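One structure below.
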Amino acid sequence: MGVRILLLGNGGREHALAWKLAQSKQLDCLYVCPGNGGTSQEPKTVNVDLPPSDFPRLVQFAVENKVDLVVPGPEQPLVDGVETYFRKVGIPVFGPSELAARLEGSKAFSKDFMARHNIPTAAFRVFKNNQIDEAIEYVKTCGHNVVLKASGLAAGKGVLIPDSTAEAIAGLKEMMVEKVFGDAGNEVVVEELLTGPEVSVLAFSDGYTIVPLPAAQDHKRIGEGDVGLNTGGMGAYAPAAVATPAILEQIMKESLKPTIDGMRREGFPFVGMLFTGFMLTSSGPKVLEYNVRFGDPETEALMLLLSEEVDLVSVLMACANHHLDSTTIAVRPGFAVSVVLASQGYPGSYPKGKVIDFKPVPSNVVVFHAGTTKSGDSIVTSGGRVLAVTAYAPSIQEALDAAYAGVATVSFEGVTYRRDIGHRALNAIREKAPGLTYAQAGVSVDAGNDLVEIIKPLVRSTRRSGADAEIGGFGGIFDLKATGFRDPVLVSGTDGVGTKLRVAVDVGIHDLVGIDLVAMSVNDLLVQGAEPLYFLDYYGCGKLDVNVASQVVKGIADGCRQAGCALIGGETAEMPGMYTEGDYDLAGFAVGAVERNLILPTPDIGVGDVLLGISSSGVHSNGFSLVRKVVSVSGLSYDSPCPWKTDSPLGRVLLEPTRIYISQVLPAAKAGLLKGMSHITGGGFTENIPRVLPKNLGCFVDASTWTLPPVFKFLAQHGNIAPLEMARTFNNGIGMVIIVSPDKVDAAIAALEKGDGTVHKIGEVTANPGVEMRNLQAWSL
């Protein structure tokens with residue numbers, strides 16, 4: 001036996017749903033309660049003469065007729081809890097529970113829900129009807145134009161858009177005192193007036209998955225040119241080109257998915273059709289309101305857009321049974337347009353019982369009935385919106401032409417309709433958009449030029465023999481001959497500063513990581529015995545902030561001067577969409593040279609050679625993922641006074657730049673006093689020292705030969721980090737390890753002590769591969 005469905009409602013929306021449901025091979029019978037003059041003409045469809053608000057009688061009918069699914073069309077039954085009645089007898093409903101239906105039933109609830117889940121919407125305040133004075137004061141002082149919305153259901157008419165503060169105050173009195181919208185105005189939402197194009201997005205949901213249909217635009221005003229009174233809708237078209245794929249992706253990510261996830265987390269999963277109105281503002285799509293059912297007249301157009309292969313019975317059943325991801329909802333290319341024919345006088349009072357004359361329509365046109373009823377052999381008018389003439393075609397113009405050709409086949413006394421449905425889409429086509437610019441894509445050439453001019457003096461300050469440190473060409477030039485090397489070997493290195501950048505961005509100090517960027521590369525050159533000659537940088541960001549970037553380059557130039565190398569070039573890449581706002585990334589590239597006979601490490605490193613350690617300036621640039629984790633559990637913030645240096649914030653102390661060892665160590669290397677060096681970076685002692693030793697040798701490091709600096713004590717204590725883990729992660733106060741023969745220890749120390757870093761004897765080379773950490777208990781707290 002096939003599926004039996006009970007569809008509640010009697011409008012154009014219900015006829016459109018009946019038309020599509022009747023195409024399903026799964027459908028056995030579709031009952032429409034109460035239906036209209038058109039629904040009963042569909043195959044396998046029967047109108048049911050029962051009061052749609054009498055839920056117990058509807059349940060009795062459904063049980064007696066073995067109904068498998070109930071589909072409420074209008075919002076009122078859903079807000080009144082019809083889903084509960086059928087759920088109690090085991091009949092699924094395509095529609096939300098009474099609690100979930102508050103998204104439409106209570107604008108106060110929906111606005112608070114959006115605020116709780118950071119869903120973009122207009123600024124708002126909610127006032128109860130006994131807070132008229134507070135509401136008036138708010139509209140006087142809020143500083144923006146407002147929209148007044150009755151919180152409850154008001155048949156789509158509970159919204160006022162005043163043009164002035166005086167009109168807003170009058171509107172509040174009408175809603176809250178005179179009760180023009182009845183109990184719907186017991187609470188009033190006063191929200192910011194948003195401007196921009198409006199779109200409607202209808203989306204299927206099973207409480208977990210959400211699948212949107214193409215965005216539509218409807219026409220609310222009765223008069224052409226969008227003038228006159230608001231109506232339930234005089235026409236619609238889809239897809240709306242103004243809702244670009246990028247905008248729809250943003251709507252899905254920022255609004256639709258968070259709505260479904262938020263409803264589920266709060267204990268009332270949303271099942272059914274989520275119909276959301278959006279304003280496409282200059283700052284992005286913002287939710288105007290939620291509806292918890294199919295829209296009208298949007299549904300009429302969207303049903304024609306669904307692919308013929310889409311089985312709407314399967315889709316609705318999948319939603320009600322929470323497996324929407326098992327179905328496919330395909331949309332055919334092209335456009336659909338719906339033009340509403342209304343009774344004379346609508347949206348005010350209007351006559352009924354006018355006989356409607358129908359003639360054959362084009363093959364791509366469907367006439368959906370709304371306010372009609374059968375009277376004898378005739379179909380007569382019975383509502384304000386009488387028919388929705390709907391057409392599908394490959395282009396919007398062809399769809400409009402077909403729809404209005406269909407309109408011409410229908411007549412009744414006093415017929416009223418708009419002749420400009422789709423005018424926004426046509427205007428957009430006629431008004432060809434101006435050519436795009438690089439700036440509109442988010443890249444500012446001017447900002448890049450401004451940055452170059454700001455940093456030119458910084459770059460010039462790094463001049464040295466071999467480079468004039470001028471930037472602006474396609475490549476940086478360096479004259480190696482001018483440096484005086486006799487038999488040079490070039491050494492290169494590249495590096496970044498890791499997640500220390502996150503701290504710099506969060507703290508707002510950017511020049512120090514520029515020094516780090518240079519240090520990480522030039523110190524790596526130094527361990528080969530090389531003198532740094534020149535440096536190039538890479539700065540990547542989503543939006544170029546000239547002030548931030550110039551601070552970074554200031555630090556890079558400072559680092560180059562400390563290292564004695566020239567800053568000869570770089571790349572600034574502004575890449576919209578690649579980085580979050582305010583973030584950036586850095587990379588550096590350094591080249592140095594060493595005389596062939598002085599390349600380190602030397603091949604004669606042996607057992608008994610001495611390890612000297614030169615003090616670090618702090619954490620340097622490695623291990624910051626762990627550093628940030630420790631800070632997050634310490635109870636402190638980057639703005640907190642540093643526990644061991646209370647006159648400075650913790651963030652500033654952690655950003656102390658990596659020590660550049662060139663001036664301190666390079667003279668000793670050139671003098672032939674050193675056998676090898678190890679730059680203590682990520683991996684600490686245990687990973688870095690073996691990189692300079694012959695494979696058959698190892699070493700020991702005596703942790704008691706220097707005092708563990710306070711920053712590392714802080715990290716160990718608040719992170720409960722074991723000493724061995726500290727040794728394999730951080731430099732622990734020793735940023736450079738130097739290997740010297742026993743007979744040159746004194747000379748090497750004497751040469752090295754001329755620099756800023758303190759020199760310690762910390763260990764020896766041994767015959768056992770690996771690094772033995774001795775006396776780690778000295779680091780115990």
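It should be emphasised that the depicted structure is a prediction, and the values quoted were computed from it without experimental measurement.
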Quiz item: Mind checking whether Y31 and F61 have parallel, tilted or perpendicular rings, split at 30° and 60°?
Solution: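 If you compare the ring of Y31 with that of F61, the planes turn out perpendicular.
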Quiz item: In terms of ring plane angle, is the pair H219 and H423 parallel, tilted or perpendicular, where the classes change at 30° and 60°?
Solution: perpendicular
Quiz prompt | Polar side-chain atom of T381 near backbone of G383 as donor-acceptor pair, under 3.5 Å | solution =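 Checking the backbone N and O of G383 against the side chain of T381, no donor-acceptor pair under 3.5 Å is found.
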Quiz item: With no hydrogens and no angle check, is any side-chain donor or acceptor of T327 less than 3.5 Å from a backbone partner on L324?
Solution: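 Answer holds: yes.
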Gap between atom [atom2] of [Y] and atom [atom1] of [X] - 0.5 Å precision:
{"X": "Q60", "Y": "Y85", "atom1": "CD", "atom2": "OH", "result": "14.0 Å"}
{"X": "F294", "Y": "E14", "atom1": "CZ", "atom2": "CD", "result": "10.0 Å"}
{"X": "M234", "Y": "R385", "atom1": "CE", "atom2": "CZ", "result": "8.5 Å"}
{"X": "L17", "Y": "M273", "atom1": "CG", "atom2": "CE", "result": "8.5 Å"}
{"X": "F86", "Y": "L58", "atom1": "CZ", "atom2": "CG", "result": "5.0 Å"}
{"X": "E191", "Y": "K286", "atom1": "CD", "atom2": "NZ", "result": "10.5 Å"}

Self-check item: Heavy-atom closest contact (G235 atom, I421 atom, distance)
Solution: CA-CD1, 3.8 Å
Quiz prompt | For the student: nearest non-hydrogen atoms of P360 and T409, plus distance | solution =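 Smallest interatomic distance, heavy atoms only, reads O-CG2, 3.2 Å.
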Exercise. Applying side-chain contact (heavy atoms from CB on, under 4.5 Å), name anything that partners T244, two or more places apart in sequence or on another chain.
Key: A246, I247
If we count only N and O atoms by modelled type, under 3.5 Å, do the side chains of [X] and [Y] hold a donor and an acceptor together?
{"X": "Y350", "Y": "Q344", "result": "no"}
{"X": "S382", "Y": "T373", "result": "no"}
{"X": "D311", "Y": "Q26", "result": "yes"}
{"X": "Q397", "Y": "S395", "result": "no"}
{"X": "Y346", "Y": "T416", "result": "no"}
{"X": "K352", "Y": "S343", "result": "no"}

Exercise. Determine, for F275 and R293, whether the Lys NZ or Arg CZ falls below 6.0 Å from the six-membered ring centre while staying within 45 degrees of the axis.
Key: no
Quiz item: Is R125 close enough and on-axis enough to Y138, meaning under 6.0 Å and within 45°, for cation-pi?
Solution: yes
Quiz item: Is the gap between the ring centers of F109 and Y290 under 6.0 Å?
Solution: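 Distance test on ring centres: not under 6.0 Å, no.
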Practice problem: Have a look at E187 and tell me which of K128, K149, K107 forms a side chain to side chain donor-acceptor pair (under 3.5 Å) with it. | Solution: K128
Quiz prompt | Short N-O contact, R4 and D28, less than 4.0 angstrom | solution =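 Judged by the 4.0 Å cut-off on N to carboxylate O distance, R4 and D28 do form a salt bridge.
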Quiz item: Are any of the side-chain nitrogens in D226 or R418 under 4.0 Å away from the carboxylate oxygens of its partner?
Solution: yes
Exercise. Would you mind telling me which of V337, V340, L341 makes a side-chain contact (heavy atoms from CB on, under 4.5 Å) with V389?
Key: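 When V337, V340, L341 are each tested with V389, the side-chain contact (heavy atoms from CB on, under 4.5 Å) holds only for L341.
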Result block: side-chain N/O donor-acceptor pairs under 3.5 angstrom for residues 34-45, not counting sequence neighbours:
from	atom 1	to	atom 2	distance (Å)
N36	OD1	G38	N	2.8
N36	OD1	T39	N	3.0
N36	ND2	N10	O	3.1
N36	ND2	G11	O	3.3
N36	ND2	H369	O	2.9
N36	ND2	A370	O	3.4
T39	OG1	N36	N	3.0
T39	OG1	N36	O	3.1
T39	OG1	N47	OD1	2.7
Q41	NE2	G37	O	2.8
E42	OE2	H15	NE2	2.9
K44	NZ	S24	O	2.9
K44	NZ	L27	O	3.3
T45	OG1	P43	O	2.9

